[in-house]
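Here's the structure we're looking at; comments come further down.
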Amino acid sequence: MTLVKTTYNRRSFLKTSVLAGGGMMLGFSWLASCTPTPEEVLNMPKEWFNINGFLKIGENGVVTIMSPNPEIGQNVKTSMPMIVAEELDVDWKNVIVEQAPLNTDVFTRQLAGGSQSIRQGWQSLRMAGATARQMLVEAAAQQWQVPVAEITTAAGILYHEKSSKSINYGEVASAAAALSVPEEVQLKDLKDFKIIGTSRKNVDAKKIVTGQPLFGLDYRSEGMLIAMIVHPPAFGLKIKSLDDSAARNMPGIKDVFTIKTYNDDYELQWSDTSAFPEMAVVVGNTTWEVMNAKKALRPEWEPIAPKRTEADVFGRKVVTITPAELESSEMHTAKMAEMAAKPGNVLRKDGDPEAAFKRAARIIERHYTAPFLAHNTLEPMNFFAHVTEDKAELAGPIQTPEFMEKSVAARLGLPLENIDIQMTRQGGGFGRRLYGHFVVEAAIISQKMKAPVKLVYTREDDMTFGSYRPAYHVTYRAALDAENKLIGFHVKAGGIPESPIAANRFPAGSVDNYLAEDWTIPSNISVGAWRAPRSNFIAGAEQAFLDEVAEALGKDPIDFRLELLQRAQDQPVGENNDYEAARYAGVLKLVKEKSGWGQQSGGAHRGVAAYFCHNSYVATVVDIAMESGRPVIQKVYCAVDCGIVVNPDAAINLAEGGVVDGIGHALYSAMTFKEGVPQQSNFDKYRLIRHSEAPKAIEVHFVKSDIDPTGLGEPVNPPIIGALANALYKATGKRVYDQPFFTGNQSLG
Amino acid sequence: MAIFNLNINGKKQEVDVDPATPMLWVLREHLDLVGTKYGCGIAQCGACTIHLGDIAMRSCVLPVSQVGNQKITTIEGLSENGDHPVQKAWLEHDVPQCGYCQAGQIMNATAFLKANPKPGDAEIEAAMNGNICRCGTYIRIKAAIHTAASK
Ligand code: FES
Ligand code: FES
């Protein structure tokens, strides 16, 4: 049994009150656990003690869980309340999940809806449910005049076996609310879980399949105007002048003007990243009218000057120098090759890698690259704002409301407490909605128009005004001695503008002589987190390289990885290896078993890969066949260790999505530039994977685990790219090094 | 501006709009039917799919002036209580992730199943290829279409 404290330094994470119409209300901190490490406490914002989740138990026994987390597609709106309901010990059928309401002072939100939500919320959600349950038990004990220890609960009912008494939670809820919050509560044993570990359906599914308004783009209010932007057509340009004479007189148009997103003296936060902080704006009555007027604008553009920016990245000051030139993809490729040929910054060095490479009998050296990628959430960026003299009400799809409230307050010159951001359901995120410049833009436009405004990006605006996945390049070298042993490993990776390397990850720790270096190239193309940042490239490259090394050594690719992991487990090389070798090996063994690795695979060509990132371990086997030069993904096997699985079917859905996403982008997608102009601006040119190209079947297997749950939104997508590359090699006899692997109508092999 | 008398989800509706306005925006902004989604505006993603008669159409490229008196069905009018076999199959397979593409997927699938009630895998893939799901729910969509077809 686990006991948890409900207070930290005499401050409670919980508050209770009697519901107006009778019943109990428990307020709690959605993401704050009371068993933090000392370092975590230091970094814990004080808002974490704020109440931002609510649990209501009505007199009729109906339980309502109000979640501050918006839904972005990872099913947290279902799975997080399941955790509360588990500890509360109620029947899931009697639970209603609601999104936290608009315009409330009590809700504070942090980073919302990311793949780490489950990991962060696990303790606090369990504690909230357990506390409410404990208080109900105490209330029943008082009413029946029996010891607390003699009371049991099941499915929302309290029992006293000796006297054969039972009572519904709802009937003692008001009494329970009057008790003081226990300082310590007991959590369930994992073996007693009844809800966690069972599949529960998405609580919003019915609304989705019937087309109810849920998303930011669906938001509307009385008298609302529509606004759209016209931003520079190229990175490296800014607006010089605007001839709006034609647009201004078009039907339904209210105003045309230019805006500047941030004040000159404002210190940017990381979430303020904006490719184009100055732009033209058209405001009118309807989307169609504004779209037409946009085309009639005659702006003139001029080159930007090189710029130095300082941004606050989680308390760390980061200085960026942005060059001014108009960049092209060919130029990027050439510059990356040039950097790769030079020595990089040494990040980690074990043993004597130089000597190992000198005495090697064979050296394998390979280069891998990947292009910029747009996020392409299917719902384009948009936001609603209603700014009046003294306050701002905003609503829409954003993952960083807490941060963007600060940006809006600073820009409008209003006190922070007068800014309210409501989060709607989000039509995909993948990292794009961490960067909320569009929230500030909407607020500025509403302030200027003195009216409620919905800012809407067209697909073209969205795709060409990105915070892209950076372009990357990595060089791998392996030194093999005459006895066919791997004696040295060298990774040198870089990108525009950041490096994808994680120097302490596998195979660091498994090779005696190891060297990791990085380099970067500055750019004016704006980048940001993109599903499984950095791992989304380096995992695939590393796993494809290990496949070549295994082949050169004449070893089975799974056995080869297991050998290295065994070494890392028994006699780890160096310090700070940031993975658990046994769990890593665990997913490889599971995928080996489930895929029947090494047995006949019915004519399919197989590839395997494994990776650890975002706190979860994933191994994948892909079976492909070639049909007229095109890869057909016949089957994917996925073995996942993400700790306890809260909602298995939803987790499988998410893993399937990660597989499709990884395969799709590696095979088909790229964002390229010419003279600073994004060359893909809609889905006719930007290739996303489609139905007929998706894997025909995906099997997902979870490692049985008692470890606290970790996220699943990100870690499935990186290794699949390596497995795909390795399967393509088996199918065609040719290795692929440059993403996307399949462009245009070309055939592979 | 011109007046158009439309037949939407079995109801007569009158709108006064620019004749070139795509049905997508007429539905979303003039009739408050926001279930039909905007994804690309150029008939590439399928998020805006509606039925014109029995045929699936991309409403983002369908000017209101071309509709005439043909019946339009949107996701909101597909069934009385969300109990169309395709909607039920979608719930059974718990298809949606973010959910944004799903109205378009369902509208495309229902029109397709009407024309081809017992489709094979390849036919489903071909028919659904114009509907992008950025979250990657393709496998579940296919399974749900098979389930709906079997009912
Ligand atoms: S919005 Fe019509 S097909 Fe994309
Ligand atoms: S469920 Fe998100 S786009 Fe399909």
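By convention in this document, chain letters (A, B, ...) are assigned in the order of the sequence lines, proteins followed by strands, and residues within each chain are numbered from 1. For clarity, every value in this text was computed on a predicted model and none was experimentally measured.
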Please name the pair of heavy atoms, one in A:Phe683 and one in B:Gly39, separated by the smallest distance, quoted to 0.1 Å. CE1-O, 3.8 Å
Does the side chain of A:Thr286 come within less than 4.5 Å of B:Asp18's, by heavy atoms? no
Flag the pair B:Arg140 / A:Ile652 as yes when at least one side-chain heavy-atom distance between them is below 4.5 Å, and no otherwise. yes
Is there a donor-acceptor pair under 3.5 Å between the side chain of B:Tyr38 and the backbone N or O of A:Arg459? yes
Mind checking which of residues 60-71 of chain B sit less than 4.5 Å from chain A, heavy atom to heavy atom? none
Side chain, backbone, both or neither of B:Ile106 within contact of chain A (heavy atoms, under 4.5 Å): side chain
From B:Cys98 SG over to A:Ile208 CD1, what is the distance, rounded to the nearest 0.5 angstrom? 8.0 Å
Verify the neighbour count for atom NZ of B:Lys118: are there more than 12 heavy atoms of other residues, nucleotides or ligands below 6.0 Å? yes
With only heavy atoms counted, which part of B:Ala143 is less than 4.5 Å from chain A, the side chain, the backbone, both or neither? neither
Indicate yes or no for a side-chain donor-acceptor contact from B:Tyr100 to the backbone of A:Phe215 under 3.5 Å, with no hydrogens or angles considered. no
Roughly how far, to the nearest 0.5 Å, is CD of A:Gln212 from CD1 of B:Ile75? 10.0 Å
Closest non-hydrogen atom pair between A:Pro213 and B:Val34, with its separation: CB-CG2, 3.7 Å
Non-hydrogen atoms of chain A under 4.5 Å away: do they reach the side chain of B:Asn81, the backbone, both or neither? backbone
Which atom of B:Met1 lies closest to which atom of A:Glu289, heavy atoms considered: CE-OE2, 3.9 Å
Taking C-beta and beyond as the side chain, do A:Trp288 and B:Val17 meet within less than 4.5 Å on heavy atoms? no
Would you name the heavy atoms of B:Ile42 and A:Glu460 that are closest together and state the gap between them? CG2-OE2, 4.3 Å
What is the minimum heavy-atom distance between A:Arg220 and B:Asp32, and which atoms define it? CD-OD1, 3.4 Å
Portion of B:Ile132 that has a non-hydrogen atom of chain A nearer than 4.5 angstrom: both
Taking B:Glu125 as the fixed residue, which of A:Lys696, A:His691, A:Arg690 is the one that meets the side chain to side chain donor-acceptor pair (under 3.5 Å) rule? A:Lys696
Verify side-chain contact (heavy atoms from CB on, under 4.5 Å) between B:Arg134 and A:Phe430, making sure each step is shown before the conclusion. CA-CA 10 Å; B:Arg134 175 65 182 85; A:Phe430 316 109; 3.4 Å; yes
Select one option (side chain, backbone, both, neither) describing which atoms of B:Ile141 are under 4.5 Å from chain A's heavy atoms. side chain
Closest non-hydrogen contact found for A:Asp218 with B:Lys37 is OD2-NZ, 2.9 Å
Side chains of B:Gln102 and A:Leu378 in contact at under 4.5 Å (non-hydrogen atoms): no
Just so I know, are the side chains of B:Trp25 and A:Met291 near enough to count as touching, which here means a heavy-atom distance under 4.5 Å? yes
Distance from B:Cys135 atom SG to A:Glu656 atom CD, nearest 0.5 Å? 12.5 Å
Turns out that what part of B:Val95 lies under 4.5 Å from chain A's heavy atoms comes down to backbone
Quick one: does B:Asp94's side chain have a donor or acceptor within less than 3.5 Å of a partner on A:Asn202's backbone? yes
Contact class of B:Asn129 relative to chain A, heavy atoms under 4.5 angstrom: both
Contact check, side chains of B:Arg28 and A:Leu217, non-hydrogen atoms, under 4.5 Å: yes
Do A:Leu654 and B:Gln97 come within less than 4.5 Å of each other through their side chains, counting heavy atoms only? yes
From CG (A:Asn285) to NE2 (B:His30), nearest 0.5 Å: 9.0 Å
